[in-house]
Structures are given as C-alpha cells and as structure tokens.
Enquirer: 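Can you read through this structure? Questions will come right after.
Letters A, B, ... are given to chains in the order of the sequence lines, protein chains preceding strands, and every chain is numbered from 1.
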Protein chains: 2
Amino acid sequence: MNPFYNINSDYKSKLLKELEAQTYEFSKNEEILKKIKNRNYIGIILNGTIQIIKTDYNGNRTIIEELIENDIFGTKISSLSNNEYTITTKDKTKIIIIDYEQLIKVNNQSTYYNQFIKNLLEIIINSVNDKNDRIEILTKKTIRNKLLEYFRIISTKNKSKNIYLPFTFTDLADYLAIDRSAMTRELKYLKEEGFIEIKNKRITLLY
Amino acid sequence: MNPFYNINSDYKSKLLKELEAQTYEFSKNEEILKKIKNRNYIGIILNGTIQIIKTDYNGNRTIIEELIENDIFGTKISSLSNNEYTITTKDKTKIIIIDYEQLIKVNNQSTYYNQFIKNLLEIIINSVNDKNDRIEILTKKTIRNKLLEYFRIISTKNKSKNIYLPFTFTDLADYLAIDRSAMTRELKYLKEEGFIEIKNKRITLLY
DNA sequence: ATTATATTGTTGCAATTGCAACAAATTAAA
DNA sequence: TTTAATTTGTTGCAATTGCAACAATATAAT
C-alpha cells in the first residue's frame with residue numbers, strides 16, 4: 001500500500017510541507033540516519049531497499065527486517081532507539097522522514113491529512129503481520145522446524161511451492177537467529193530426505 | 001492510551017453505532033471469539049485481561065501476548081487467522097469488536113472518526129514496540145541470554161532492579177519459547193553465580 | 001480442612017546446536 | 001582477467017538444550 005494513496009500530488013506536497021517532512025537520498029550500502037537517532041521519527045521508503053540490522057556486543061549480526069518501497073520504519077516501529085541497530089541501504093534509496101510528535105500532535109482536519117493517517121494505520125497493521133510471522137518462526141524449537149515454518153509462510157504468501165530467497169543463506173541464518181553452518185547441515189538433511197530441492201536461491205517444496 | 005481519547009461519550013456511541021461495533025462480555029478463563037474467526041476484525045479491551053495463546057500440533061503451548069485494558073488485538077494484529085491460536089480471558093473481560101473493512105473503507109470525515117483512527121495508530125505503533133522486544137529476546141541463542149534480555153527489558157521499562165513476573169514461570173518459559181525445566185536449571189545457575197535473587201515471583205537483579 | 005489441581009524443582013540422558021576451522025565455489029573489484 | 005572478498009559447504013567436538021519422569025510445594029476447589 002502506498003502511504004499517499006488517495007492523495008493527489010498537490011495535497012501531498014502540502015502535507016509534507018505542513019509536517020516538515022525531510023527527503024533524503026542515499027546510495028547503495030550506505031549506513032543511514034545515524035544523526036537523527038535521538039528524535040522520534042517515522043520514515044517512508046519512496047524507492048530502494050533498506051535492511052535493519054542488529055549487531056550485538058559479540059559481533060553477532062542479525063537482520064531484523066528488510067524493507068522496500070512504501071514500507072515504513074521508525075524509532076518506535078523498529079526498536080531504533082537501541083544503538084545496536086543500524087539501517088543500511090541495499091540499493092540506491094530515497095526516503096522521507098517525518099517527526100512523530102509533529103505527525104500525531106498536529107491538529108489538522110484536512111481530508112488529505114486524515115487520509116494519510118488512515119493509510120499509515122493500514123500499513124502498520126500489515127507490518128505487524130510480518131512481525132508475527134517472524135515470532136512464529138523464532139518460537140519453533142529446532143532448526144528444522146524454523147526452516148519449515150519459514151518455507152510455509154513464504155509459500156502460503158506467494159501461493160507457490162517455489163521459494164526464491166530474497167537474500168543470501170548467510171542472511172537467512174541471521175534472520176532465523178541460528179548458526180549458519182548448522183543451518184546448511186539441516187538443509188542437506190532435508191534434501192537427502194526428499195523434502196526440498198535447492199537450486200541456487202530457489203528452494204522447491206516437494207511435499 | 002485510551003482508544004477513545006479526545007472523543008466524548010456521545011460521539012463514542014455514535015461512532016460505535018456507525019462502525020457496527022459489537023460489545024461482548026466474558027467471564028474468567030473463557031476461550032473467546034471462536035465464531036468470528038473468518039472475519040477480519042479489530043478488538044479493543046475495555047477492561048479485564050486476555051492472553052493470546054498458541055498450541056501447535058505437538059501440544060506445545062506458547063503465550064504469544066497478554067493484553068489488558070485499552071490494548072487492541074485482531075486478525076491481522078495478532079496472527080489470529082491461524083487456527084492454532086486461541087484467545088482466553090484471565091479475568092472477567094469486556095471487549096469491543098469492529099469489522100476491519102468497515103473501519104478502513106468507510107468514508108466518514110467527522111472529527112471523532114478521524115480522532116479514533118489517529119488513536120488506533122498511536123496504540124498500534126506502541127504495540128509494535130512490544131513485538132520488537134519479543135523478537136529481541138527470541139533472537140538470543142542461549143537460555144541464559146534470553147532470560148537476561150527479558151530482565152533487561154522489563155527492568156529498563158520500569159526503571160527498577162526488581163522484576164515482578166506478570167505470570168507464572170511456566171508461562172514465562174512459553175513466552176521465551178524454551179523448555180521449562182531447562183529454564184529452571186538456568187535460573188538456579190544465575191542464582192548460584194550471584195547474578196539474581198528470586199523470592200516467589202520477584203526477581204532482583206544484582207548487577 | 002481435606003482433596004484435587006497446578007506449579008515449581010531436580011536430574012540423567014540423548015539429541016540438537018553452536019563453534020571453529022577449513023576448502024570450495026561464487027561474486028565483486030581492480 | 002586476475003585478484004580479492006564474500007558466500008557456501010563440510011565436519012568433529014563440546015556445550016547447551018529438550019525431554020521424560022518424578023518429588024515437593026503451592027494454590028484452588030469442595
């Protein structure tokens with residue numbers, strides 16, 4: 001869903017001006033937004049891809065989420081107040097930053113403002129779904145069950161037995177919060193037992 | 001935050017009527033809402049406590065979340081379309097159910113409606129925070145680190161070294177998605193090593 | 001107050017996992 | 001196209017964990 005759905009471009013400009021929204025552009029593999037960490041903000045991705053990455057004191061890297069065009073993120077939405085987190089672009093990326101207090105506290109009764117709030121509500125409700133999926137996976141106790149749950153969710157979402165990994169296997173292990181080599185081992189067993197087939201980044205479910 | 005913040009009781013009634021909201025009352029330990037599972041809804045807890053509980057095919061029970069007055073839940077917000085999930089009351093509980101499509105699709109430009117949407121937005125943004133915390137914990141690899149992360153989050157939230165468990169140890173194990181007996185063992189080690197002190201449901205951090 | 005139910009504590013053991021340390025293969029950069 | 005960097009595959013081994021099966025407490029119900 002587009003955050004500016006049902007808002008024409010004149011009103012969109014007006015809205016962004018009223019909210020004192022800032023537009024930023026970043027190139028590939030840039031770590032962004034280190035500066036505004038102490039403010040409470042909501043960000044909207046106009047185009048490109050970002051990853052929210054966590055690196056703990058041991059150096060363990062975990063991909064918290066990968067976001068694309070029209071996804072939103074922000075201090076409250078993505079645990080970004082914690083400074084173990086970084087936001088990194090995967091492509092050339094353009095974003096908009098809106099101050100959260102400004103967004104909520106402003107008393108604007110215009111149609112375009114109300115429509116915008118409603119759009120944000122829909123987007124966030126959908127993003128909560130993704131977090132629930134992640135929790136669903138992480139609560140599985142074995143590596144095998146985490147993998148199968150991950151496959152099930154993607155397969156259901158795309159109505160296909162073919163799963164195209166949106167990132168590397170290394171990243172997948174981070175996402176599932178498991179050891180990479182142990183994951184590779186388990187994938188091998190799943191192949192040997194005839195549950196799946198793997199060709200590069202495409203995994204096919206045979207059940 | 002109250003979902004009806006800044007909406008007086010006349011407008012509140014009007015709003016709920018326009019949205020065809022349903023009010024339900026349940027007694028303690030009732031499993032609720034089995035009937036409306038195929039509709040997409042948002043629920044608001046007026047008073048009481050509910051738990052969203054998941055029981056998988058192995059019979060493993062996991063508390064997904066515990067919600068109280070003014071919290072909201074719903075199909076998209078809480079993975080409730082999956083029928084491994086149940087909602088159970090912990091106390092006498094009163095809730096309101098609003099049809100999601102009705103809420104979003106209706107074209108109502110009244111102030112109270114817009115205020116309500118805005119309130120829901122704020123509530124959901126805050127609830128996303130809780131899910132992030134849960135993910136934070138679940139991505140820790142050892143039982144010890146899961147426990148310490150859980151303690152850290154509660155302690156930070158309440159600005160206190162004393163943590164009062166909001167549920168039983170059995171439930172805590174479910175919440176952390178770990179084996180209960182293994183958790184008890186790890187808590188014993190943490191006590192022996194002088195990191196924590198436990199008295200009934202109060203855990204004191206000694207570091 | 002007695003009984004029934006639920007929670008907590010404990011422990012041995014097998015299974016699973018993370019870790020470390022590589023080699024092989026793939027992808028990106030110079 | 002050669003070199004560098006990253007990703008993938010593999011395996012032994014030690015550490016962690018889940019599981020099962022209880023006993024001991026604590027809480028709730030009659």
Side-chain angles (χ1 to χ4, degrees), chain A residues 27-29 51 53 55-63 88-92 137-150 164-193 196-203, chain B residues 27-29 51 53 55-63 88 90-92 137-149 164-193 196-203:
Chain A
S27 49
K28 193 177 177 177
N29 292 326
Q51 285 185 331
I53 290 169
T55 311
D56 70 14
Y57 55 96
N58 289 320
N60 291 324
R61 220 173 125 273
T62 308
I63 296 179
T88 307
T89 56
K90 257 188 85 178
D91 303 304
K92 196 161 169 298
I137 292 165
L138 293 174
T139 51
K140 299 288 178 201
K141 279 186 189 138
T142 60
I143 290 183
R144 171 169 295 219
N145 286 336
K146 282 180 182 154
L147 285 168
L148 293 179
E149 185 62 18
Y150 176 76
Y164 295 88
L165 278 196
F167 37 43
T168 66
F169 281 93
T170 305
D171 286 349
L172 177 61
D174 282 340
Y175 180 78
L176 304 179
I178 55 184
D179 180 73
R180 186 196 57 80
S181 64
M183 183 186 82
T184 311
R185 177 169 43 202
E186 198 62 42
L187 285 170
K188 194 179 68 189
Y189 295 154
L190 284 169
K191 275 190 286 189
E192 284 169 4
E193 293 170 36
I196 60 169
E197 220 171 67
I198 301 182
K199 190 168 241 173
N200 298 317
K201 299 241 175 307
R202 192 191 75 204
I203 297 163
Chain B
S27 50
K28 192 178 176 175
N29 292 328
Q51 286 184 331
I53 291 168
T55 311
D56 69 17
Y57 56 95
N58 288 320
N60 290 322
R61 220 173 124 273
T62 307
I63 297 178
T88 308
K90 258 188 83 177
D91 303 306
K92 197 163 166 297
I137 292 164
L138 293 173
T139 52
K140 298 287 177 199
K141 280 187 188 139
T142 61
I143 291 184
R144 171 169 296 218
N145 286 336
K146 282 180 182 151
L147 285 167
L148 293 179
E149 185 63 17
Y164 295 88
L165 278 195
F167 37 42
T168 67
F169 281 93
T170 304
D171 287 348
L172 178 60
D174 281 340
Y175 180 79
L176 304 180
I178 55 185
D179 181 73
R180 186 196 58 78
S181 65
M183 184 186 80
T184 312
R185 177 168 44 201
E186 197 62 42
L187 284 170
K188 194 178 69 188
Y189 295 154
L190 283 169
K191 276 191 280 190
E192 284 169 3
E193 292 171 37
I196 60 169
E197 222 170 65
I198 301 182
K199 190 169 241 171
N200 300 318
K201 297 241 178 307
R202 194 192 71 205
I203 297 163

Enquirer: Looking at A/Asn200, A/Asp171, A/Leu172, which hits side-chain contact (heavy atoms from CB on, under 4.5 Å) with A/Leu165?
Expert: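 So the option named by the test is A/Leu172.
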Enquirer: Tell whether A/Arg180 reaches the base of C/dG18 with its side chain through a donor-acceptor pair below 3.5 angstrom.
Expert: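 When only heavy-atom distances are counted, A/Arg180 does not reach the base of C/dG18 through any donor-acceptor pair under 3.5 Å.
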Enquirer: How close do A/Lys201 and A/Thr168 get, counting heavy atoms only, and between which atoms?
Expert: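 Of all heavy-atom pairs spanning A/Lys201 and A/Thr168, the closest is CE-CA, 3.9 Å.
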Enquirer: Search all heavy atoms of A/Leu138 against all heavy atoms of A/Lys146 and return the closest pair with its distance.
Expert: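 Minimum heavy-atom contact is O-CE, 3.7 Å.
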Enquirer: By the 4.0 Å heavy-atom rule, please label B/Arg144 as base, sugar-phosphate, or nothing.
Expert: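 Nothing, no nucleic acid heavy atom in range.
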Enquirer: Side chain of B/Lys188 only, please: which of D/dT17, C/dT11, D/dT10 is the nearest?
Expert: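 Per side-chain heavy atoms of B/Lys188, the pick is C/dT11.
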Enquirer: Tell me which of A/Arg185 and A/Ile198 sits closer to the 5' end of DNA chain D, going by the nucleotide each one is nearest to.
Expert: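 Counting from the 5' end, the first nearest nucleotide belongs to A/Ile198.
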Enquirer: Provide, to the nearest angstrom, the distance between the CG atom belonging to B/Asn145 and the P atom belonging to D/dT17.
Expert: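 Checked: the CG to P distance equals 9 Å.
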Enquirer: A/Thr184 near the nucleic acid: base, sugar-phosphate alone, or nothing, with a heavy-atom cut-off under 4.0 Å?
Expert: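 Base contact.
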Enquirer: For a quick test of reading the model: is some side-chain N or O of B/Ser181 closer than 4.0 Å to OP1 or OP2 of C/dG9?
Expert: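 B/Ser181 to C/dG9 OP1/OP2: no side-chain N or O under 4.0 Å.
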Enquirer: A side-chain contact here means heavy atoms from C-beta on lying under 4.5 Å apart; do B/Phe169 and B/Ile198 qualify?
Expert: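 Yes. Closest side-chain heavy atoms under 4.5 Å.
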Enquirer: With nearest nucleotide decided by heavy atoms, which residue, A/Ile178 or B/Thr168, maps closer to the 5′ end of DNA chain C?
Expert: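 By nearest-heavy-atom nucleotide position, the 5'-most residue is B/Thr168.
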Enquirer: For C/dT8, does either OP1 or OP2 sit under 4.0 Å from a side-chain N or O belonging to B/Lys201?
Expert: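 Yes, because at least one side-chain N or O of B/Lys201 sits under 4.0 Å from OP1 or OP2 of C/dT8.
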Enquirer: Can you check the B/Lys141 NZ to C/dC19 P distance for me, whole Å?
Expert: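 Rounding to the nearest Å, NZ of B/Lys141 and P of C/dC19 are 5 Å apart.
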Enquirer: Please state how far atom CG in B/Asp179 lies from atom C1' in C/dT16, giving the value in whole angstrom units.
Expert: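 Those two atoms, CG and C1', are 13 Å apart.
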